[in-house]
Amino acid sequence: MRPENLTKLKITVLAGGVGGAKMIQGIVNTIEPSRVTTIVNTGDDTILHGLCISPDLDTVTYTLAGMIDREKGWGLADESWTVMHTLEELKGETWFRLGDKDIALHMFRTNMLSKGATLSEVASTLCAHFGITTHVLPMSNDPIKTVLTLAETGEEIGFQEYFVHLSHAVPVSRIRYAGIEDATAAPGVIKAITSADVIIISPSNPFLSILPILSIPDISILLPPPVYQAMAPDQHHKSCNPADKQHINPEIRAKTVAVSPIIAGKALKGPADRLLNEMGIKPTAAGVASIYRDIASVFIIDDEDVALKEEIEDMGMKCLATNTIMHDVESSRNLAIEAIKAAIQA
Ligand code: GDP
Ligand code: CA
């Protein structure tokens, strides 16, 4: 299929922050943006200085608005830091960096939420403000918090404490998504999954960005996640069934393609490689493929990993090797075209 014939497809993307946002940027440069829906992880959401912060939603929104700081991968370009500097002088908590304009957005969100709006409503208000026609949906409007257990002390800590404050430089023995058993998918999420022509699982962090989305009970019926011992399923997790063969949804699997965030055994950014290892999975593209084998029919790896193709195809997935490093919009777009074409042909 020629790229111009792809534009009318309906695409749904599962995304975390940076890896997800770069993937979405490529997709909306290929497909009419209003035909694209992105379901975004909210397990990283936190409250700091009394402000409700949704880092992955903001990374996706700022990227689609063309305002992201590409160098850092998060926050706004052309930011100023007056509030942080003043907070430093006060010896306040400054480990989570918030630019001035970014703070205004968190104030806006916090105010809307305090008046009873949902996170979905905040997301769509912000998209309208920035002229974004892509549908940006939080995975859920219910509070879900990714929490991690430190291997060395057994202490359980919040996501931002791990990711930002401790620079994810500490081994983890357990990950869970607190609140998930009582959560439901946000409005539009289920329809976006069932009605899409193609579902793309971004090269986001599997344990920190994608599995929280898949583990929401009503999403897990359609896209059942595997359950790992290190995710310690307990009585609270009964609603999240492991992907035993009965739960595979062949129709959805056929249209789902996943992209590896691991290239040559390394994450391009962040702790994905170490976390895979800590969760008992090989930190390779094939290890990531094993997570998605029951929900995706196509798995995309980087050219550098072409030697893993057979191992992945033995898992029952079609495997495509291509350039998966998205260093600019053009490379994101090329990857998006490859992913969409591969899903349609599957
Ligand atoms: P976060 O929420 O900002 O941490 O971002 P995500 O979970 O969406 O994405 C993090 C993952 O994206 C990391 O594991 C990276 O290896 C991966 N990643 C980032 N940029 C790229 C890229 O250009 N290509 C691929 N294949 N993976 C990428
Ligand atoms: Ca994130």
Side-chain angles (χ1 to χ4, degrees), residues 13-27 38-46 53-64 68-75 96-97 136 138-139 144-148 158-164 167-168 175 177 200-214 257-279 281 283-285 287-289 291-292 299-305 308 319-336 338-339:
V13 194
L14 308 190
V18 177
K22 289 202 270 179
M23 188 77 239
I24 296 158
Q25 193 174 37
I27 295 165
T38 170
I39 302 169
V40 184
N41 170 48
T42 59
D44 305 4
D45 287 15
T46 190
I53 301 175
S54 296
D56 288 354
L57 276 169
D58 289 346
T59 298
V60 168
T61 306
Y62 290 159
T63 301
L64 287 171
I68 195 85
D69 182 332
R70 255 209 171 246
E71 196 116 311
K72 287 206 305 289
W74 55 269
F96 196 94
R97 308 298 291 168
V136 177
M139 63 184 192
I144 298 169
K145 300 259 170 271
T146 297
V147 286
L148 305 101
F159 177 85
Q160 299 301 346
E161 182 70 20
Y162 165 75
F163 201 83
V164 182
S167 313
H168 49 70
I175 298 176
Y177 312 121
I200 299 180
I201 300 179
S202 301
S204 288
N205 188 311
F207 281 94
L208 301 180
S209 295
I210 302 296
L211 287 173
I213 302 175
L214 303 181
V257 48
V259 181
S260 178
I262 303 288
I263 300 176
K266 288 261 164 274
L268 288 185
K269 195 182 154 283
D273 44 5
R274 280 174 282 127
L275 278 179
L276 284 167
N277 209 16
E278 287 157 4
M279 297 297 114
I281 299 165
T284 63
V288 179
I291 300 175
Y292 300 136
F299 194 73
I300 299 189
I301 59 174
D302 195 80
D303 283 325
E304 267 201 63
D305 286 320
L308 297 172
C319 180
L320 177 78
T322 187
N323 171 45
T324 67
I325 299 182
M326 298 177 279
H327 50 79
D328 56 14
V329 177
E330 193 52 31
S331 45
S332 291
R333 183 170 183 268
N334 289 338
L335 179 59
E338 292 279 356

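Each ligand, and each atom within it, is numbered from 1 in the order the structure gives.
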Report yes if some N/O of Ala272 lies less than 3.5 Å from some N/O of ligand 1; otherwise report no. no
If you measure every N or O of Ile325 against every N or O of ligand 1, does any of those distances drop under 3.5 Å? no
Closest to [atom] (judged by heavy-atom distance), picking from [options]:
atom                    : options                      : answer
atom 10 (C) of ligand 1 : Leu14, Asp56, Ile210, Asn205 : Asn205
atom 18 (N) of ligand 1 : Pro203, Ala21, Ala285        : Pro203
atom 16 (O) of ligand 1 : Ile263, Leu268, Val259       : Leu268

Spell out, as yes or no, whether a donor-acceptor pair under 3.5 Å connects the side chain of [X] to the backbone of [Y].
X      : Y      : result
Thr146 : Leu208 : no
Asp305 : Ala264 : yes
Ser202 : Leu14  : yes
Ser204 : Gly16  : yes
Arg97  : Gly75  : no
Asp273 : Pro283 : no

Among protein heavy atoms, which sits nearest to [atom], and what does the distance come to when rounded to 0.1 Å?
atom                    : result
atom 26 (N) of ligand 1 : Ser260 O, 2.9 Å
atom 24 (N) of ligand 1 : Thr324 O, 2.6 Å
atom 23 (O) of ligand 1 : Met326 N, 2.8 Å
atom 8 (O) of ligand 1  : Ser204 OG, 2.6 Å
atom 4 (O) of ligand 1  : Phe163 CZ, 3.7 Å
atom 3 (O) of ligand 1  : Val18 N, 2.9 Å
atom 7 (O) of ligand 1  : Ser209 OG, 2.6 Å
atom 20 (N) of ligand 1 : Lys22 NZ, 2.9 Å

Distance, nearest 0.5 Å, that separates CD1 of Ile325 from CG of Asn334: 13.5 Å
Full working for side chain to side chain donor-acceptor pair (under 3.5 Å) between Asp58 and Thr61: CA-CA 5 Å; Asp58 289 346; Thr61 306; 5.0 Å; no
Which of the atoms of ligand 1 are close to [X], meaning less than 4.0 Å from one of its heavy atoms?
X      : result
Ala267 : 14 (O), 16 (O)
Lys269 : 13 (C), 14 (O), 15 (C), 16 (O)
Gly19  : 5 (O), 6 (P), 8 (O), 9 (O), 12 (O), 19 (C)
Gly20  : 8 (O)
Gly17  : 1 (P), 2 (O), 3 (O), 5 (O), 6 (P), 8 (O)

Ser331 side chain to Asp328 side chain, donor-acceptor N/O pair below 3.5 angstrom: yes
Does the side chain of Arg70 reach to within under 4.5 Å of the side chain of Lys22, using non-hydrogen atoms? yes
What's the OD2-the Ca ion (ligand 2)-OD2 angle here (Asp56, Asp44), rounded to 10 degrees? 80°
Residues forming a side-chain hydrogen bond (donor to acceptor under 3.5 Å, both in side chains) with Thr322, sequence neighbours excluded: none
Count the heavy atoms belonging to other residues, nucleotides or ligands that lie under 6.0 Å from NZ of Lys72, then report whether that count exceeds 12.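 Yes, NZ of Lys72 has more than 12 neighbouring heavy atoms, counting only those of other groups under 6.0 Å.
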